Number of protein chains: 2
Amino acid sequence: MLAMMRLLLIAALVLRAAPAADYLPVPVSVAPAQGSLIIDQSFSVAITGYQDPRTRAAASRMLDRLSAKTGMPLPSAGRGSSPAALRIECAGPGEQDESYRLEIAPGGARLSAPQPLGILRGLETFLQAVEPAPRGFSAAAVTIEDRPRFVWRGLLIDSARHFLPLEVIKRNLDGMAAVKMNVLHWHLTDDQGFRVEVKSLPRLHQAASDGLYYTQEQIREIIAYARDRGIRVIPEFEMPGHATAILTAFPELASAPGPYTLERRWGIFDPTIDPTREEVYRFLDTFLGEMSGLFPEPYIHIGGDEVNGKQWNASPRIQAFMKQRGWTDNHALQAYFNQRVQGILKKHGKRMMGWDEIFHPSLPKDILIHSWRGQKSLAASARQGYQGILSFGYYLDHMQTAAFHYQVDPMAGDAAALTPEEQARILGGEACMWAEYVTPETIDSRIWPRAAAVAERLWSPAHVKDAASLYRRLDGVARDLEWLGLRHRSGLRPMLQRLAGSSDVDALEVLVRAVEPVKLYGRSSSGDYTSFTPLNRLVDAARPESDAAREFPRDRRQARERLARWSGNHARLTPAIDRSFLLAEVRPLSEDFSAVAQAGVEAIDFLVNRRRPPQAWLDAQLALLDRAARPRAEVTLAIVAPVRTLVEEAGRIRERVRRAP
Amino acid sequence: MLAMMRLLLIAALVLRAAPAADYLPVPVSVAPAQGSLIIDQSFSVAITGYQDPRTRAAASRMLDRLSAKTGMPLPSAGRGSSPAALRIECAGPGEQDESYRLEIAPGGARLSAPQPLGILRGLETFLQAVEPAPRGFSAAAVTIEDRPRFVWRGLLIDSARHFLPLEVIKRNLDGMAAVKMNVLHWHLTDDQGFRVEVKSLPRLHQAASDGLYYTQEQIREIIAYARDRGIRVIPEFEMPGHATAILTAFPELASAPGPYTLERRWGIFDPTIDPTREEVYRFLDTFLGEMSGLFPEPYIHIGGDEVNGKQWNASPRIQAFMKQRGWTDNHALQAYFNQRVQGILKKHGKRMMGWDEIFHPSLPKDILIHSWRGQKSLAASARQGYQGILSFGYYLDHMQTAAFHYQVDPMAGDAAALTPEEQARILGGEACMWAEYVTPETIDSRIWPRAAAVAERLWSPAHVKDAASLYRRLDGVARDLEWLGLRHRSGLRPMLQRLAGSSDVDALEVLVRAVEPVKLYGRSSSGDYTSFTPLNRLVDAARPESDAAREFPRDRRQARERLARWSGNHARLTPAIDRSFLLAEVRPLSEDFSAVAQAGVEAIDFLVNRRRPPQAWLDAQLALLDRAARPRAEVTLAIVAPVRTLVEEAGRIRERVRRAP
């Protein structure tokens, strides 16, 4: 009997299901099974069924990435030993269906999909499954059925405010594909620059880009690179506002006399295209005609947001034009402009897309509303028959937490009350990386890994919303994305080394990990920024979200140990601060960091000894915490909150009356 | 009087010379002056005098790197505000003179040189001068006169054992230029692969490379890239030994019947070209003729080392050939081969270069001896009129310390006794990166920063040899090289993450920083390695030199703190070890690491309390240290040495006799 039990126990140990991999986004259905597939150097891939060049290229890239992830040289796709460890079967052609089925068993894996895009998505899932395990690199046995909740899962990248070289776009496309995003919304023009070569109107890129623009060959290279990864590229050309760059090249199209020069600051500016001039539409016909040939997707995004109307209000001619037509507000004039633009786009075989402001009943139902205003605005247009996507709550430049973005759902709020037919008009959403405060050096850390939270929201079933699980899985994604060449992690140390010069950066890293950049529009409030302002400060190195604060230990011994180390950090950092002008602004912050940590140490000592702190101590600490919570150097001390909890807890101690000995 | 003194004091504070930058290599003469040049966004460069495309390109690259180093957008070369902060003056054309003069003053900097190469070297020095300071990025005022001690300052990169993609070669050329190295010795063929396209003999790259070779277009791209940085590219084609790849393609050239296949293991192998066959020289005429057109430098390196002679000894035909000529040893046969090869090279306008073994009085004096054997061998050939360079003591794959390489001087030993005329024949040296145990992922950390120690030995005056100063400056160079795209630092974390899978890597990083890969040929002794063996273990992640051991604190309180943290490291690392097969071999090492650290803690406690440890404790610790000093998992625990010092010191305590209380 005992022997039998021992046997059963051994069997259970051998046969137990391996822990499920940390898939992100979470698939629709994950059924773990027994055992796991060992990935060794004999691993190979075979592709059967419909042959699409993209599935073959994707399998080959997957092998390269598997080789990088494992450090094992592997044979190329289809050239490995037979039978293949991963068999890929694509049923047929098509560009819509992203669903796939992935079965991993100890004897091999099988990935099948109705169309090529499903294969691409499934390969990402397979790669996520591979982890080092006690018997080798392996993928836990599982059967996965998967398909996206929304068809539109985008990332907006703003190349206008800071120009981003091709390799930045490419590595971020790799990142997008890894988390199954499928739309790159490329913000190519704004007040600060016009970033695309226009052969029929070369003044645009020549006079309004500081020489920083993409050639059409480069644009095509990006489109092909994206398509290879199952990503569509939608360009945005802002009009009639955010158009200073266009008007720098063509001042005659403006609503007020020029000349104009590229805007160097951030914000909403007056220069606006004049909707009353016929030459505007001739210009747009030429411009959008050429762009319609360059970008293959059916949509062109025309922006349309934040028209402040000042030039329109000040122009007697424009006012007369409106009066003649009985229009009393600028929105009507903008709607007229949009109708004309929509007609031009239609002529060139394109559909119009724009921000909330373009919504107007005079426009046809095939336009797409992109909402920065929220689900209420989205629902209102959906009720009137318009399709839309959400970006409200997905602004990565706001420096919110991953958990914040994660809880924003396109189908929440007013959208939840829509009929199923109306809801079907809500196609998805886009994370937005506005680039006022990012450079090629910092952009990866602003996009990743937080964009992956949006990717999961838009792919996974609505009920998937456990933030703790998200953070655990984000960590794995953040690690894997670095293999793709993204620098959201590896970029930190060099920036710290720049700040500290020849000083050691360990103490600086401790500080930077305890702070967060100011959120929302906190950074722009200083008003001092221009396109040329160096983004080389502590705030630029700081991650949007402090892991040190979020993962602050609950265990008091651990917490005390950490706080004690932090309390000595300022002394260690002082020599570097003394030496580098870039760190001068950090001094009060660093002082407070260590002081706050010391308050935490003392609070824990009161708590552990169950000794009530003197009121004077309490008052002093709370005052310190209030002061330390205020932003300095455009960052906030993220560890103030957990320390405040400790101090307040200490303040609630009811001391047991001690008996006289 | 007091006011006067205060005034003088202030003046002294304002005018004191800024600390000298940590130049590497140390220039011939450095005269610090008062004040410093502030580098802000108005910084620009002007070039006067002789215009060479390389000086303009180098100035432009310097501005890009300055922009990266400072995080400040900067105007391009020659386009900035006037007057330029850095004026460059090149006197005239030429390819020999690398000397330059750099004056930095608060009002501006001036770099002058007789020839373009001096400008290139001086720009690197200028860039090293820039550091963040209290008033901004600045370069301390100084006058530098500089020129190299040796004309040949090379790095050998072996692309045969592991193929290295173009970008790996390029970023290492950038690194070489940064420390003023001027020769890339490119080891392109060996038993394991033939890595260059040969159009007249395509079987070479087609049949003997596994598809991993450089096209001639790529070779030309590298040559141009190197030339732009003042670096010459010398190719090496190994013959008559280390020739398995050549004989895989052309077995009819071998000294024994084929067929041959690419060697997958490391070592010295039998396949050798047959010097007695005339078709060998027809083949070499075609091959070396084409290569002479491809590589512009006057030298071609023909290897010539490690001919084991087995095939020659076993061939009756070859033995008869030798007997007929009265040769009794293989060296004579190889000398005959080399004479023939030298004749072919001469016909194609090239000079022969090869390892010590090619040295033979029958060869003309224009060949160049490359010594892996040492200064004695080098001196012997110099005495007979042959030029030479040194690589003995500069093998980076031996995993020696930077200090070890640093103390090796081409003019030491027998070379020190040469006449000045003979000494002039010793042209310099080369650091060698043999690639049996490196991949594109790990090679940077094997080359950098240690190659910079060799670079300084070959550039700076002989009296510059303070290892402590070297290490301080290496740290700055290591930091700056990462801006060039080298990954010797940033590559570590991803490798640790691979090893640890989803586990946290902090504890693993602590361990890896306390170990060093086994030195010399320790790794090959297992004999298990092939070209395909994954290099993804702890030993591959470990840096050649443990900073944690070298910088072990002398201060006992600091040392105890560190040791105490390390003593708990094994417990923190255990979960990751349990989970990952790649870490299984690390378990005993990790146990010993923490046990050794604990021994150090206890030793310090004895020392601090001046209490003599019990003999049993001493015996146990010394046994532990002996065991822990032995290599495991192909690494050694570098911290054993400093802990042994502590334990032995504790063992020498003579306890003061305590008086009874």
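Remember, it's a predicted structure, so these values are computed and weren't measured experimentally. Below, chain A is the first sequence line, B the second, and so on; all start at residue 1. Every heavy atom of this structure was used, including side-chain atoms; hydrogens, water molecules and symmetry mates were not.
- For Arg537(A), no part sits under 4.5 Å from any heavy atom of chain B, backbone or side chain.
- Ranking Leu582(A), Thr70(A), Leu535(A) against chain B, the residue ahead of the rest is Thr70(A), based on heavy-atom pairs under 4.5 Å.
- For a residue to count as touching a neighbouring chain, one of its non-hydrogen atoms must lie under 4.5 Å from one of that chain's; by this rule Asp540(A) does not touch chain B.
- Contacts between Gln497(A) and chain B at a heavy-atom distance below 4.5 Å involve backbone atoms as well as side-chain atoms.
- Using modelled atom types and a 3.5 Å distance limit, the side chains of Ser502(B) and Glu131(A) yield no donor-acceptor pair.
- Ring centers of Phe137(A) and Phe43(A): at least 6.0 Å apart, outside the cut-off.
- Under 3.5 Å, the side chains of Thr442(A) and Arg446(A) contain no donor-acceptor pair of N or O atoms.
- Using a 4.5 Å cut-off between heavy atoms, Ile577(A) makes no contact with chain B at all.
- Stacking of Arg550(B) on the aromatic ring of Tyr471(B) is recorded, both the 6.0 Å distance cut-off and the 45° axial limit being met.
- Contact of Arg579(A) with chain B is made through the backbone alone, with heavy-atom distances under 4.5 Å.
- Interface remark: Leu499(B) contributes backbone atoms only to the contact with chain A (heavy atom separation under 4.5 Å).
- Under the side-chain contact (heavy atoms from CB on, under 4.5 Å) rule, Trp448(A) has a single partner from Leu481(A), Val477(A), Leu474(A), which is Leu481(A).
- Heavy-atom pairs under 4.5 Å with chain A were tallied for Ser67(B), Ala68(B), Pro132(B); the largest tally goes to Pro132(B).
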Full working for ring pair (Phe, Tyr, Trp, His ring centres under 6.0 Å) between Tyr529(A) and Tyr437(A) | CA-CA 9 Å; Tyr529(A) 283 96; Tyr437(A) 304 100; 4.9 Å; yes
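- For chain A, the option among Ser503(B), Ser138(B), Ser531(B), Ala133(B) with the highest count of heavy-atom pairs below 4.5 Å is Ala133(B).
- For Arg489(A), the part lying under 4.5 angstrom from a heavy atom of chain B is the side chain only.
- Ring to ring, Tyr213(B) and Phe163(B) are not that close: their centroids are 6.0 angstrom or more apart.
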